[in-house]
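Here is the naming used below: chain letters follow the sequence lines, and residue numbers restart at 1 for every chain.
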Amino acid sequence: MNFFSSIFRELTEKPWLAQSAETLDQELIEYQPGSPGKTGLKFFIAVVSVIFFLFSVTYLSRSQYADFQALGGEPWSPLYQPLWLWANTGWLLLASLSLHFAVGQVSEDKLNRLLGLLTLSVIFSLLFIFGQWVVWQQLSQQGFVINSNPANSYFYMLTAIHGLHLLGGLFALVRVLIIFSRKVKLDILQRSLVLCAWYWHYLWLLWLFIFALLTASPSTYNTIAAWCGL
Amino acid sequence: MNYTAIVDQPDESHHPTSFMAKYIWSQDHKVIAIQYSITALFVGLVALALSAMMRLQLGFPDSFSFIDPSSYLQFVTMHGMIMVIYLLTALLLGGFGNYLIPLMVGARDMVFPYLNMLSYWTYLLSVIVLLASFFVPGGPTGAGWTLYPPQTILPGTPGNDGGIILMLVSLAIFIVAFTMGGLNYVTTILQARARGMTLMRMPLTIWGIFTATILGLLAFPALLVSAIMMMLDKLVGTSFFMPAILSLGEPLNYTGGSPVLFQHLFWFFGHPEVYIVALPAFGMVSDVIATHARKNIFGYRMMVWAIVAIGGLSFVVWAHHMYVSGMNPYFGFFFATTTLIIAIPTALKVYNWSLTLWRGNIHMTVPMMFAIGFIFTFTHGGLTGLFLGNVVVDLPLSDTYFVVAHFHMVMGVSPIMVLFAAIYHWFPKVTGRFLHTGLGKFHFWMTFVGTYSIYLPMHYLGFLGVPRRYFAMGPTEFIPESAQSLNASITISALIVGVVQLIFLFNIIWSTFKGKKSGPNPWNATTLEWQTEYTPPRHGNWGGKIPVVYRWAYDYSVPGVKADFIPQNVSPQEVEMMDDKGGA
């Protein structure tokens, strides 16, 4: 509410009126350095969310056509009890948590622990990607290839695009570490790691959403589609 | 509160010294802006040449052996796509956005300079991939700029192999480039404003660019999503958009996909795209008009709210592009209503520009002429939009030249008039020299009158029922022969307008080196970019000290003040008042 009221207050200012010296002084005092990184990341997360939101809308819309056969929901469907996907969910959660704890370890005397946690995070992330690849292999060996059904197409496409976002995150994380090895200040490192941690948390939540969508039973997605008027 | 700036430490701004670091791999927003602009203008010239080829065929059918039906469709497609995305979006946001944002909000640079540099090089890559499609077997795609499936990727459509693949790849790369740039623009505006630069003290140019960038960040994903899905349909045989279909008598392997789904996605991007182009233009023209009329912009707050309202509404009107695709009548009613509602904030802006001119001390400079020209072309284009927004009027007029005339007036000619106004207005800041005024006036009149002689007759062609995208009419009884004479006249006007743009290019090149010196603030403008220590501004923009902002951007002709403008960084104590007798 505070955010909205302050935006509202700003947008209803009358800038053409002469400002008193006190108001001007007050403005200059209130001026604080901000954090462009956080703002940039928020907007980036918004963009990625819109991408996946639109994919989901097309998924729901496409699911209402007769040829759509869901991958989950029925005992005979390949993702009825997706153990590997649950394991992958765990790997990504662990990666996200280790980054989260790594942020707390940024100080001169805890650098070993910090490095350990960051390495763990990279390893867990790679395990997640490997695990997703294994699921792809399993599905294609059972004959569920990308073009055999629209539900399969969505599975391969969404997991691939989610994985690419994780790879992008890993690239950024490694870049942070390389810059760190050139001995930048610890507070700058911490700020970068906070952004990485946020991004990993987001990717984990996003994965949960994709996971739920792709393994939803026909009755679930039919109900949602009906709510959306599709 | 977001009154934030990049830390004022000139010693840390790492001034580049080598030629490569300064002009090629530059992270300076001004250099990147010029790189963006030159690339966009170059690719725009390609699109201009394509339109000349189309007009040659339409004006003088079958007189040119190098234009056949396939190549005609390819010219149409590439002309549209290049103009909308690779020229207008790139020039308005990548060019002017990059140049003006840090200077107008009082920052040393964009907040992520490295990302900004990557954005340009990625954009360049997307342009190269797009132009490469002219050289692949089968040539570029000829599916129309809307790329509707299923015809886009099926045999029979020109460029249905390499052409369409390169187009989709290029679009995806462009969107990555735009996102990198866009994150920079919004973050810089939110987080790097100089002290005292509250949101409501920002010039309307910044409001326009800011809102347009947010629209872009939220709308381009729809194009990305549709491009990825269409690419998969084409390359690996998925059936997202492709229905079960026969092609050349053979059943294909596609199963019940939905072509209309693509249309929804495309226009969910496509309509906001109109405002991604229009909003920065609205902003820039407001500043040009206020400066050259020596008057504060009329209704500044309303102008800001209108920009934001138009931005919001632009996301709920997309299906008015799809009336002929068929839809639930209530759906059509909804979209017709939202479309007409957009006319309110838009008309408000037109009135406010006119009221700013009212009793202003109008200086008929070249930028001002283009700005006033814009008010005319935009009003005309906007009014025909009210016709087409209604379902019953749209159905017979859709796919005729009436639509071509409408969208060229409203989002072709109008933003380009503003771009010209902006180039003539800000060129002195970029180079320290004026563009040649005589050539500029010639350019304006030829372009202004020329575009009317092109597009006004097209409305009549549309009423006659002349369909768009046709290579040749052939024997068509309901269209009188005089339509052909009109077409020939349009073509001659178009060729003349096209050639005049070369004079404009000559003016830019000549004036960069030989133009009259302008000094730092030739138009006596209030905004921060005119208050830099050097012109053109150097790396870091502000020399030793970042400006402090004390007022809004429109203190022109303030009663009782000696000069007819007060720059934003002049404190109340520094303002020179008139003496008691009212003289200077």
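Here A:Lys42 contributes atom NZ and B:Leu190 contributes atom CG; the two are 9.5 Å apart, rounded to the nearest 0.5 Å. The distance from atom OH of B:Tyr300 to atom NZ of A:Lys14, rounded to the nearest 0.5 Å, is 15.0 Å. With rounding to the nearest 0.5 angstrom, the OG1 atom of B:Thr198 is 6.5 Å from the CD atom of A:Glu10. With rounding to the nearest 0.5 angstrom, the CH2 atom of B:Trp552 is 9.0 Å from the CG atom of A:Leu17. Atoms OG1 and CG, on A:Thr39 and B:Leu183 in that order, are 10.5 Å from each other to the nearest 0.5 Å.
Within residues 219-231 of chain B, the residues having any heavy atom less than 4.5 Å from a heavy atom of chain A are, in residue-number order, B:Pro221, B:Ala222, B:Leu224, B:Val225, B:Ile228, B:Met229.
In A:His165, the NE2 atom is crowded: over 12 heavy atoms of neighbouring residues, nucleotides or ligands sit closer than 6.0 Å. Annotation for A:Asp187: atom CG counts as buried by contact number, over 12 foreign heavy atoms lying within 6.0 Å. Within 6.0 Å of CE on B:Met327 lie more than 12 heavy atoms contributed by other residues, nucleotides or ligands.
When heavy atoms are compared at a cutoff of 4.5 Å, B:Phe112 approaches chain A solely by way of its side chain, counted from C-beta outward. Both the backbone and the side chain of A:Phe43 come within contact range of chain B, with heavy atoms under 4.5 Å apart. Neither the backbone nor the side chain of A:Phe68 comes within less than 4.5 Å of any heavy atom of chain B. The part of A:Ile161 that comes within reach of chain B is its side chain, from C-beta onward, which places non-hydrogen atoms under 4.5 angstrom from that chain. Contacts between B:Val236 and chain A at a heavy-atom distance below 4.5 Å involve backbone atoms as well as side-chain atoms. Within the 4.5 angstrom heavy-atom criterion, only side-chain atoms of B:Leu265, from C-beta onward, approach chain A. In this structure, chain A has a heavy atom under 4.5 Å from the side chain of B:Thr179, while its backbone stays farther away. Of the two parts of B:Leu232, only the side chain, counted from C-beta on, holds a non-hydrogen atom closer than 4.5 Å to a non-hydrogen atom of chain A. Contacts of A:Ser148 with chain B are absent, with no heavy-atom separation under 4.5 Å from either backbone or side chain. Both the backbone and the side chain of A:Thr58 come within contact range of chain B, each with at least one heavy atom under 4.5 Å from a heavy atom of that chain.
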Worked verdict on A:Trp16 versus B:Asn296 for side chain to side chain contact (heavy atoms under 4.5 Å, CB included): CA-CA 9 Å; A:Trp16 53 88; B:Asn296 61 311; 5.5 Å; no
Side chain to side chain contact (heavy atoms under 4.5 Å, CB included) between B:Tyr254 and A:Asp67, worked out: CA-CA 11 Å; B:Tyr254 296 112; A:Asp67 61 333; over 6 Å; no
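With chain A as the partner, the residue from B:Asn184, B:Leu218, B:Thr255, B:Asn253 showing the most heavy-atom pairs under 4.5 Å is B:Thr255. Across A:Asn152, A:Val57, A:Thr12, the residue that shares the most heavy-atom pairs under 4.5 angstrom with chain B is A:Thr12. Heavy-atom pairs under 4.5 Å with chain A peak, among B:Val304, B:Ile214, B:Thr187, B:Asp555, at B:Thr187. When each of B:Ser258, B:Gly182, B:Ala553 is scored by its heavy-atom pairs under 4.5 Å with chain A, the top score falls to B:Ser258.
Applying the side chain to side chain contact (heavy atoms under 4.5 Å, CB included) criterion to A:Pro82, with sequence neighbours excluded, gives A:Leu79, A:Leu85, A:Trp86, A:Phe211, A:Thr215.
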Which atom pairs, one a donor and one an acceptor, fall under 3.5 Å between side chains of residues 44-51 of chain A and the rest of the protein, sequence neighbours left out?
unit_1	atom_1	unit_2	atom_2	d
A:Ser49	OG	A:Ile45	O	2.7
A:Ser49	OG	A:Tyr202	OH	2.8

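Nearest heavy atom pair, residue B:Gly256 against residue A:Tyr65, reads O-CD2, 3.5 Å.
With hydrogens and angles disregarded, no donor-acceptor distance shorter than 3.5 Å links the side chain of B:Arg201 to the backbone of A:Pro15. Within the 3.5 Å criterion, the main-chain N or O of B:Met200 finds no donor-acceptor partner in the side chain of A:Glu13.
Judged by the 6.0 Å distance and 45° axis criteria, A:Arg175 is positioned over the aromatic ring of B:Tyr114.
Screening residues 210-228 of chain B for salt bridge (charged side-chain N to carboxylate O under 4.0 Å, His left out) gives no qualifying pairs among residues at least two apart or on separate chains.
The shortest side-chain heavy-atom distance between A:Arg62 and B:Ser239 falls under the 4.5 Å cut-off.
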